[in-house]
Engineer: 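Structure below; questions to follow.
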Amino acid sequence: MSLDAAPSSHFIKEIILEDLKTGKYQGRVHTRFPPEPNGYLHIGHAKSICLNFGLAKEFGGLCNLRFDDTNPTKEEVEYVESIKEDVRWLGFSWDDREFYTSNYFKNLFDFAVQLIIKGKAYVCDLTADEVRAYRGTLTEPGKESPYRRRTVEENLDLFSRMRAGEFPEGSRTLRAKIDMAHPNINMRDPIMYRILKASHHRTGERWCIYPSYDYAHGQSDSLEGITHSICTLEFEDHRPLYDWFLDALGIHHPQQIEFARLNLTYTVMSKRKLLKLVQEGYVSGWDDPRMPTISGLRRRGYTPEALRNFCERIGVAKSNSVVDIALLEHCLREDLNRRAQRVMAVLRPLKVVIDNYPAALVEELPAVNNPEDRSRGTRNVPFSKILYIEKDDFREDPPKKFYRLAPGREVRLRYGYFITCVGVIKDEKTGEIRELHCTYDPETRGGDSPDGRKVKATLHWVSAAQAVEAEIRLFDHLFLKPVPEDVEEGDFTQVLNPNSLVTLTGCKIEPGLAKAEPGMLFQFERQGYFSLDPVVSREGRQAFNRSVPLKDSWAKIEKSKKE
Ligand code: ATP
Ligand code: MG
């Protein structure tokens, strides 16, 4: 059964439908996902992946994976591998179309030579500061570079010598010859090539000139036969330049289309900021379960279905907005509610002795695996004289509206029996409650009372002798503020949530969970959805991450809107 929401329409689909109707690209739909391998992918990238691969799928087209690796100093092989793993895990395939902008360095060089020959590019000797000063402002036109009138021959000679490594870094650039008075600053003779004597992770020392993003991107799209080049809104002002290069070269011309990037409350999304969190040790790594990275969400227990559903639900629009992180959590709950197996786990154990239960007896009592899906049947859980319940589920002096266990009070143990508290044993020195003594009613086996007697609370529990001990991590938002960049002083690290991770040890979980494996989905009754931490479990410890608590603040918001 698929949980994916039925695809809804949006302006990009309308454009594609129109192009299919007019035969603009001979009925082809070919998109690409072009990450720069300078960090791990985050949930914003998931939106772009779902959009690009999703459109290709919906229209019977193709989507390429292209590593936009034009910047030799910041890119690493580790990132390339993680990106591939994340796209695959999300459920998409690029088949054999794994491309790298660096594969096109020679093509891009040849295109640049063509532009020089056409008189549309020139070698400029201004320094970076001078280029900036000559560029002008939004209100004032720029000034032409004194090198703009070099002859084609001179430009060809200098450009080939730039490539040969004859000139020092930063001494010269290749620029497009467009219009220094253009109202769009991106069109004021933008830089196409820089000299950079750096080793590249794929091309090694072969090149010492590197193309700019603006120059490389459109030509790479064109070489791959892309039809719809989908990018985020900040590239809207770059579209005239994208079009200019393709028109000047007279090659296949994809359509650039911009959409709004995803922002989420209580987190940061740019790779630069995420890198800072990793490098400065605010989190344990890119895959820390509190990170908005795909690897972090996966480790936390998110499913690809939940992420795809989220991306469908947020839609595709033309204006930037911030999405409530509660919606993301809601999508996970919706998926897990149907799929996760219910189990019992006691996070903060309090010992309970059932005085009238035979010391040697262990009963196996049937418990429902998933009330949303009865076909998943039942499992047996052991019941015996000594059990654990949650510390929070007992109050010696219960306030009003506390209906759980208290001295003299009867409650139900889920799938077990009714028990009544008859005694409290405390530590003589500290006064801390050590254990409870209770009696059980043998007539209430399975948690039903034959005489119709009512109790106001049902508690989860685990039998002490058979329980497995585990570590459990509870998470909260990584930041205290909905928009962490909104700080008065310092930066977003000032508003990190000091309680975003709480680690509990000595938790008692039902014995069947000894065989839990990463990727298995559980609901710990009354506590939330959990899954085994894949990293820690490799070290041989049972550590569960709470993917999301049960309380659904999004559903509440939705409900109040309807009322
Ligand atoms: P960041 O700002 O996080 O560093 P980026 O845009 O530099 O992101 P790239 O690796 O260049 O990251 O992005 C690959 C693709 O993913 C691009 O097409 C980009 O537009 C898209 N993308 C990146 N961030 C988001 C986001 N928050 N929402 C939607 N799409 C995004
Ligand atoms: Mg980028």
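Computed from a prediction, not measured in an experiment: that's the story for all the values here. Remember, it's 1-based here, ligands and their atoms both numbered in the order they're listed. Count residues from 1 along the sequence.
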Engineer: I'd like to check whether L262 has a polar contact with ligand 1, where a contact means an N/O of the residue lying under 3.5 Å from an N/O of the ligand.
Structural biologist: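 Between L262 and ligand 1, an N or O pair is found under 3.5 Å apart.
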
Engineer: Polar-atom distance check: R261 versus ligand 1, any N or O pair below 3.5 Å?
Structural biologist: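 Among all N and O atoms of R261, at least one is under 3.5 Å from an N or O of ligand 1.
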
Engineer: For atom NZ of K57, is the number of surrounding heavy atoms from other residues, nucleotides or ligands below 6.0 Å larger than 12?
Structural biologist: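 Open.
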
Engineer: Please list, in number order, the atoms of ligand 1 under 4.0 Å from a heavy atom of P34.
Structural biologist: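 Within the 4.0 Å cut-off of P34, ligand 1 contributes 14 (C), 18 (O).
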
Engineer: Who are the salt bridge (Lys or Arg N to Asp or Glu O under 4.0 Å) partners of K276, not counting sequence neighbours?
Structural biologist: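 Salt bridge (Lys or Arg N to Asp or Glu O under 4.0 Å) list for K276, sorted by chain: E280, D491.
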
Engineer: Mind checking whether F33 contacts ligand 1 via backbone (N, CA, C, O), side chain (CB onward), both or neither, at a 4.0 Å heavy-atom cut-off?
Structural biologist: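 The answer is the side chain of F33.
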
Engineer: Using a 4.0 Å heavy-atom cut-off, say whether H42 meets ligand 1 through its side chain, its backbone, both or neither.
Structural biologist: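 For H42, only side-chain atoms sit under 4.0 Å from ligand 1.
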
Engineer: Out of all atoms in ligand 1, which are within 4.0 Å of some heavy atom of P35? Include the element for each.
Structural biologist: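 Atoms satisfying the 4.0 Å criterion: 10 (O), 14 (C).
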
Engineer: Using 30° and 60° as the class limits, which term best fits the ring planes of Y40 and Y79: parallel, tilted or perpendicular?
Structural biologist: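 Judged by the thresholds at 30° and 60°, the geometry between Y40 and Y79 is perpendicular.
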
Engineer: If we ignore angles and hydrogens, is there a donor and acceptor under 3.5 Å between the side chains of E14 and S9?
Structural biologist: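 The criterion, which ignores hydrogens and geometry beyond distance, is satisfied for S9 and E14.
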
Engineer: Counting heavy atoms only, name the option from K273, K271, R272 that's nearest to atom 4 (O) of ligand 1.
Structural biologist: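 Looking at heavy atoms only, the winner is K271.
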
Engineer: In terms of the angle between their ring planes, are F109 and F159 parallel, tilted or perpendicular, with boundaries placed at 30° and 60°?
Structural biologist: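 Plane angle under 30°, so parallel.
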
Engineer: Less than 6.0 angstrom from the centroid, inside 45 degrees of the normal: does R194 satisfy that with respect to the ring of Y210?
Structural biologist: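 Ring-cation test returns no.
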
Engineer: Among G44, P37, G39, which one has a heavy atom closest to atom 25 (C) of ligand 1?
Structural biologist: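 The nearest heavy atom belongs to G44.
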
Engineer: Atoms of ligand 1 less than 4.0 Å from T232 heavy atoms?
Structural biologist: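 Those atoms are 20 (O), 29 (C), 30 (N), 31 (C).
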
Engineer: Going by the atom numbers of ligand 1, which of them fall below 4.0 Å from some non-hydrogen atom of S48?
Structural biologist: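 This gives 16 (O), 18 (O), 21 (C), 30 (N) as the contact atoms.
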
Engineer: Test of understanding: with side chain to side chain contact (heavy atoms under 4.5 Å, CB included), list the residues that count as partners of S500, not counting sequence neighbours.
Structural biologist: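 With sequence neighbours excluded, S500 shows a side chain to side chain contact (heavy atoms under 4.5 Å, CB included) to R290, L478, N497, given in chain and number order.
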
Engineer: Heavy atom of F259 under 4.0 Å from ligand 1?
Structural biologist: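 It does; at least one heavy atom falls under 4.0 Å.
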
Engineer: Please confirm whether S270 comes within less than 3.5 Å of ligand 1 when only nitrogen or oxygen atoms on both sides are compared.
Structural biologist: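 N/O-N/O distance below 3.5 Å does not exist for this pair.
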
Engineer: Cation-pi between R66 and F99: NZ/CZ under 6.0 Å from ring centre and within 45° of the ring axis?
Structural biologist: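 No, a cation-pi geometry is absent between R66 and F99.
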
